[in-house]
Amino acid sequence: MAFLDGTTQTNQPPVQVSDDAAGYYTLGAPLVDPVAPTGPIKDRWTNRKFENRLVNPANRRKLDIIIVGTGLAGGAAAATLGEAGYNVKSFCYQDSPRRAHSIAAQGGINAAKNYKEDGDSTHRLFYDTVKGGDYRARENNVYRLAEVSANIIDQCVAQGVPFAREYGGLLDNRSFGGVQVSRTFYARGQTGQQLLIGAYQAMERQVAAGTVEQFTRHEMLELIVADGKARGIIARDLVTGEISTHLADVVVLASGGYGNVFFLSTNAMGSNVTAAWRAHRKGAYMANPCYTQIHPTCIPVSGDHQSKLTLMSESLRNDGRIWVPKDPADAEKDPRDIPEEDRDYYLERIYPAFGNLVPRDIASRAAKYQCDAGKGVGPAVREVDDEGNEKWVRRGVYLDFAEAIDRLGEDAVREKYDNLFDMYERITGENPYQVPMRIYPAVHYVMGGLWVDYHLQSNVEGLFVTGEANFSDHGANRLGASALMQGLADGYFVLPNTIREYLADGPFEKIDESHPDVVAARTDVEERMNKFLSIGGTRSADSFHKELGRIMWEYCGMDRNAEGLKKAIGMIQDLKKEFWSNLKVLGTADTLNQSLEKAGRVADFIELGELMCVDALNRRESCGGHFRSESQTEDGEALRHDDEFAYVAAWEFGGEDGLPVLHKEDLIYTAIEMKQRSYK
Amino acid sequence: MNLTLKIWRQKDATSAGAIKTYQVSDISPDMSFLEMLDTLNEQLNEAGEDPVAFDSDCREGICGTCSLMINGQAHGPEVTTTCQLHMRSFKDGDTITVEPWRAEPFPILKDLVVDRSAFDRIIQSGGFISANTGSAPEANSVPAPRDKAMRAFNVATCIGCGACVAACPNGSASLFLGAKITHLGELPQGQPERWTRVVDMVGQHDHEGFGGCTNIGECTAACPKEIPLDVISQLNKDLRTAMKHGL
Amino acid sequence: MAVSGLVFIGYLLAHMYGNLKVFAGHDAFNEYAHHLREFGEPMLPHEGLLWIMRVVLIVALVAHVWAALVLTGRAHKARSSKYTVKKNLASSLSSRTMRWGGLTILIFVIWHLLHFTVGKVNPAGGETNDPYNLLVDSFDLWWMAVIYLLAMLALGMHLHHGTWSAMQTLGFTNTARSRANAKLAGWVVAIVIAGGFALVPLSVLTGIVTK
Ligand SMILES: Cc1cc2nc3c(=O)[nH]c(=O)nc-3n(C[C@H](O)[C@H](O)[C@H](O)COP(=O)(O)OP(=O)(O)OC[C@H]3O[C@@H](n4cnc5c(N)ncnc54)[C@H](O)[C@@H]3O)c2cc1C
Ligand code: HEM
Ligand code: HEM
Ligand code: SF4
Ligand code: F3S
Ligand code: FES
């Protein structure tokens with residue numbers, strides 16, 4: 001199809017025939033991005049920045065912006081909008097903005113700087129990202145991301161982020177996540193920390209300048225939508241329990257991802273979906289919620305007490321070899337006593353071309369299959385099935401450095417992986433220089449999130465969503481080192497240039513706390529808090545969270561099928577009923593009460609979990625992080641159905657007892673052609 | 001293993017607190033210290049007693065949220081954060097005393113939770129490089145000598161946990177302060193504001209009520225990121241130079 | 001604090017050197033005490049250098065004590081509630097006893113001045129205007145020698161941490177190497193000064209030095 005601007009669509013619009021989720025949803029009107037730019041792809045962002053209206057500096061002082069979240073996305077936005085002279089109010093649930101979950105990112109940040117002259121370019125980064133996302137990301141957004149990536153590095157260096165450098169004093173970078181060019185900038189294994197501290201310091205500078213007011217230990221519990229526009233939030237002071245109303249001209253959610261719906265994940269303990277879910281309930285569409293990324297190299301679960309999982313950097317797969325014993329009876333043996341011929345280097349066997357470096361989703365599923373087949377290693381952990389039957393399963397595969405140590409010497413291996421090996425030893429008590437590491441996949445990142453247009457505005461007017469909380473840039477799968485890039489791109493360069501188009505119409509008519517929509521939002525929050533405290537049941541919020549996590553991991557994890565998903569939906573609905581009748585939260589609402597905080601988060605996770613299963617059920621194809629066992633090739637690989645599913649699934653809240661409403665936004669590609677991926 | 005826990009319980013910022021004794025059993029050596037406390041909390045919840053409030057978030061040793069004075073040592077007996085401390089560092093039958101960080105500028109909010117916002121205010125007073133978004137030059141236009149960049153990185157790993165303050169007999173935050181001064185002062189980008197930064201940050205540090213450093217060195221031993229004492233020397237040197245510049 | 005401390009160290013080194021003249025015998029020591037008063041004459045009045053030195057010392061003492069009081073006050077305020085259990089991991093005993101050590105030294109110095117300079121008390125009941133004899137008489141009394149030796153212990157500890165601390169405070173310890181050197185300097189200064197001073201009473205006590 002050819003467009004008036006001279007571009008042509010390279011793909012066919014999808015037509016869905018299958019309808020696995022019939023009865024679980026209703027179909028809404030198709031959706032288009034109302035502000036999608038047109039013209040040659042490389043000019044779209046430049047032109048848009050010019051077309052978007054400016055806000056006169058004198059007016060900026062009169063415009064109030066609420067930003068929920070102080071991670072890379074929120075922190076960078078607060079700093080930049082503060083510098084521009086707007087009135088910013090920033091919220092986070094931690095005791096300091098510097099502790100946002102972005103701090104945990106290890107590997108690095110991508111940028112198309114082409115410092116190595118190895119053929120990198122904006123277009124290549126764009127191409128890799130769309131392809132890596134299995135053609136389920138929006139072309140316009142991804143191109144823009146690639147375009148501003150280089151500016152991010154400049155900005156961070158100017159702020160004093162201590163990136164790794166070469167002997168000549170120039171920036172070093174490396175190749176990451178199976179990409180063929182060297183475009184990942186890093187600060188040892190602590191890139192996220194260093195980038196976040198840069199953003200945090202820039203933001204604190206604005207706090208000192210008086211343009212940003214920071215509210216730490218404040219949790220957003222409701223979005224205020226008044227007269228059809230997002231106009232503020234209701235927050236709870238986690239120390240005093242005070243519920244406060246904050247009004248503004250625009251609200252930005254940068255509240256991160258919801259991987260903790262699985263209970264166990266590599267996310268921080270407090271990471272939650274509440275901000276996004278409350279917005280969803282107020283009308284914002286939730287897009288592609290089922291797209292989760294499961295990371296293959298995490299430290300396995302050690303027992304029932306486990307509260308979170310720890311990621312071991314992907315880079316370990318460059319030198320470690322993954323294997324399991326051929327004979328399950330060998331699982332208890334010391335791995336060093338298992339002779340070479342009794343080991344199955346299954347990735348090298350099945351994927352000879354990529355071996356241990358196959359993409360995250362493939363490596364993860366392969367590990368699961370080995371363990372399901374009883375070949376796992378490490379301590380057996382208790383698993384309970386739906387009927388309540390206990391079984392003991394070993395969930396781990398070896399990641400062995402013996403060969404690398406032989407080849408490179410222990411010192412060379414130490415130099416490369418020293419801090420990771422130490423961390424491993426601290427957690428497991430085993431020394432990986434001597435005994436092979438054990439790894440297992442864990443939930444790591446969610447590609448799904450609130451639906452936004454090219455301006456990062458959701459379908460609710462005046463509500464902008466950035467960073468991991470939105471759905472926009474990674475399609476069905478995210479490349480390593482691209483989440484940090486997106487967070488900072490959104491915060492420093494994109495949002496500040498798009499929000500002004502909206503704010504140019506402001507300041508909007510002032511509303512006050514007596515506005516009926518404000519009162520209603522506030523009352524809702526107060527009632528919900530009281531409800532949690534008054535149920536007076538017997539189970540802690542944590543125990544519900546664990547149970548939800550188990551259902552999600554079992555049926556909406558690495559490998560999904562219609563039957564399991566339907567079962568999961570039923571189980572989650574039952575769990576929800578039990579939650580609201582058998583929850584036990586002690587204490588009161590007017591103090592620091594961590595059980596109460598937890599209860600609110602779990603309540604929202606339960607609802608989200610159900611929607612994720614419905615989305616996964618509807619999408620009868622395997623793409624990126626979403627693998628449906630009904631959709632695979634003859635040799636068991638993921639099979640995408642562009643003909644049916646080349647669309648973004650944007651879900652509208654269907655009311656307390658209603659069904660979710662599906663709006664489809666067809667994906668249009670003009671600068672890239674869709675291909676099936678193959679790693680054989 | 002079975003353990004006796006002596007934990008500081010304090011209802012809120014204004015109430016008085018006291019140590020209370022609890023027993024936990026069947027603790028696995030693979031548990032982290034915080035998972036052990038989670039277990040205690042489940043137990044308390046069941047028994048109808050208010051769970052013990054403590055801070056944590058990443059549980060990976062990087063966010064700096066967790067704290068706790070464990071048997072008189074900040075973050076416990078290993079050189080790591082409390083969330084990365086595992087129960088195999090203890091033995092069956094041990095008695096473990098758990099207290100919050102204690103320093104006037106870190107008021108206790110509840111049980112083991114303290115308010116560390118003083119650190120944010122120290123950063124606000126000058127712990128940054130003023131570089132407005134969009135004004136940055138091409139990253140490689142200013143090379144940074146590798147050894148200086150390495151030193152900057154090594155000290156930039158400070159996670160702002162406050163263990164240095166908790167461990168210092170003087171309640172000084174000099175290690176935290178020195179880490180930031182050294183991080184920014186070692187980089188070419190940090191030079192223009194170098195002297196005002198140190199004066200302002202030290203001023204804020206003292207104003208918050210942290211004690212002065214008498215070079216005792218407990219801070220660095222407690223620091224989970226092993227920030228070395230030379231950052232305090234650097235801090236003093238920069239302060240001296242700044243005073244020479246008449247600031 | 002560091003500057004005044006270093007002034008003390010400088011003075012003590014000189015003072016110790018003087019004291020060691022005890023080993024050169026009665027006349028050499030008294031000659032030295034006398035020369036001290038005439039040094040610089042006629043450019044300076046009698047006891048001129050001594051007075052300059054005294055003023056410097058007094059100023060340093062006031063500054064030092066004032067700084068010590070301020071630091072102590074801040075430290076007490078910053079840690080107003082104590083831990084039930086607190087371990088010390090890296091700190092030396094000297095570093096944790098600076099305040100007590102300093103106080104001990106202060107009391108000692110007052111006593112010392114009464115003893116040798118202002119009061120010229122001879123507890124043995126002998127003459128007081130012959131410095132050498134005064135000294136030997138005094139340290140022949142075991143308890144006088146013990147007081148001095150204990151004071152030297154306190155001084156040694158104060159200097160052990162104080163020297164390193166002064167280097168750190170002045171910002172001379174920016175590398176691992178210079179820090180190790182400063183720690184070493186702490187030991188050296190402490191042993192040389194405290195040890196050097198201690199030699200005198202010890203020698204008298206053991207009969208090496210006699211009238
Ligand atoms: C272990 C790990 C390693 C990773 N490594 C990499 C890597 O190497 N490279 C890469 O590119 N990506 C990596 N990622 C992914 C990346 O770190 C995240 O996707 C990204 O940092 C998200 O940033 P954000 O700003 O969107 O959200 P976050 O950093 O998660 O911030 C969320 C913010 O929202 C606040 N918030 C949330 N809910 C509320 C509420 N209800 N009320 C008030 N405030 C709220 C929080 O306080 C916080 O400030 C990694 C992720 C993990 C878990
Ligand atoms: C009069 C009584 C004294 C008191 C109360 C006192 C107390 C202190 C205190 C509290 C410190 C601070 C610790 C530190 O900064 O490391 C200190 C440092 C020091 N003191 Fe003393 N002191 C006294 C006398 C002396 C004397 C007589 C000397 C020398 C002989 C001396 C030498 C030093 C030195 C060198 C330092 C280190 C300075 C620094 O680190 O900046 N002090 N003293
Ligand atoms: C064994 C140890 C010491 C001996 C034998 C000793 C001996 C003396 C003598 C003989 C004098 C009198 C000198 C004179 O007036 O001509 C003197 C003066 C003095 N000593 Fe010591 N001293 C000792 C240790 C110390 C120490 C440790 C200090 C300080 C911390 C100290 C501080 C002084 C001072 C301040 C004076 C007065 C100098 C003046 O202003 O006249 N002495 N000492
Ligand atoms: S210097 Fe060390 S102990 Fe102090 S806040 Fe930083 S990381 Fe924590
Ligand atoms: S322990 Fe305290 S006294 Fe200084 S060296 Fe460390 S801050
Ligand atoms: S919880 Fe993040 S460092 Fe311990």
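So that the names make sense, note that chain A is the first sequence line, chain B the second, and so on, each numbered from 1.
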From B/Ile216 atom CD1 to C/His161 atom NE2, the distance as rounded to the nearest 0.5 Å: 6.0 Å
Interatomic spacing from CG in B/Asn71 to OH in C/Tyr83 - rounded to 0.5 Å: 13.5 Å
Closest non-hydrogen atom pair between B/Arg240 and C/Gly171, with its separation: NH1-N, 4.3 Å
Exercise: identify the closest heavy-atom pair between C/Ala78 and B/Pro105: O-CD, 4.2 Å
Contacting region of B/Cys168 [heavy-atom separation from chain C under 4.5 Å]: backbone
CZ on C/Arg96 to OG1 on B/Thr214, rounded to 0.5 Å: 11.5 Å
Heavy-atom closest pair, residues B/Glu104 and C/Lys77: CB-O, 3.2 Å
Interatomic distance, C/Arg79 atom CZ to B/Asn170 atom CG [nearest 0.5 angstrom]: 8.5 Å
Portion of B/Ile108 that has a non-hydrogen atom of chain C nearer than 4.5 angstrom: neither
Considering all heavy atoms, the nearest C/Trp164-B/Leu229 contact: CZ2-CD1, 3.7 Å
Value rounded to 0.5 Å, distance of OG in B/Ser172 from CG in C/Leu71: 9.5 Å
Proximal component of B/Ala166, with respect to chain C [non-hydrogen, under 4.5 Å]: both
Under 3.5 Å side-chain donor-acceptor pair for B/Asp230 and C/Thr175: no
C/Ser91 backbone acceptor or donor facing B/Glu218 side chain under 3.5 Å: yes
Rounded distance (nearest 0.5 Å) linking atom OG1 of B/Thr182 with atom CG of C/Asn174: 7.5 Å
Residues of residues 83-103 of chain B within contact distance of chain C, non-hydrogen under 4.5 Å: B/Thr97, B/Glu99, B/Pro100, B/Trp101, B/Arg102, B/Ala103
Largest heavy-atom contact set with chain C, pairs under 4.5 Å, which of B/Lys6, B/Glu208, B/Arg151: B/Arg151
Heavy-atom donor-acceptor pair, B/Asn236 side chain to C/Gln168 backbone, under 3.5 Å: yes
More than 12 heavy atoms of other groups within 6.0 Å of C/Tyr17 OH: no
Leading residue by heavy atom contact count with chain C [cutoff under 4.5 Å; candidates B/Gly171, B/Gly72, B/Ser233]: B/Ser233
Contact leader toward chain C among B/Val165, B/Thr220, B/Ile70, B/Asp206, where contacts are heavy-atom pairs under 4.5 Å: B/Asp206
Note, C/Lys87 side chain near B/Gln73 side chain (heavy atom, < 4.5 Å): yes
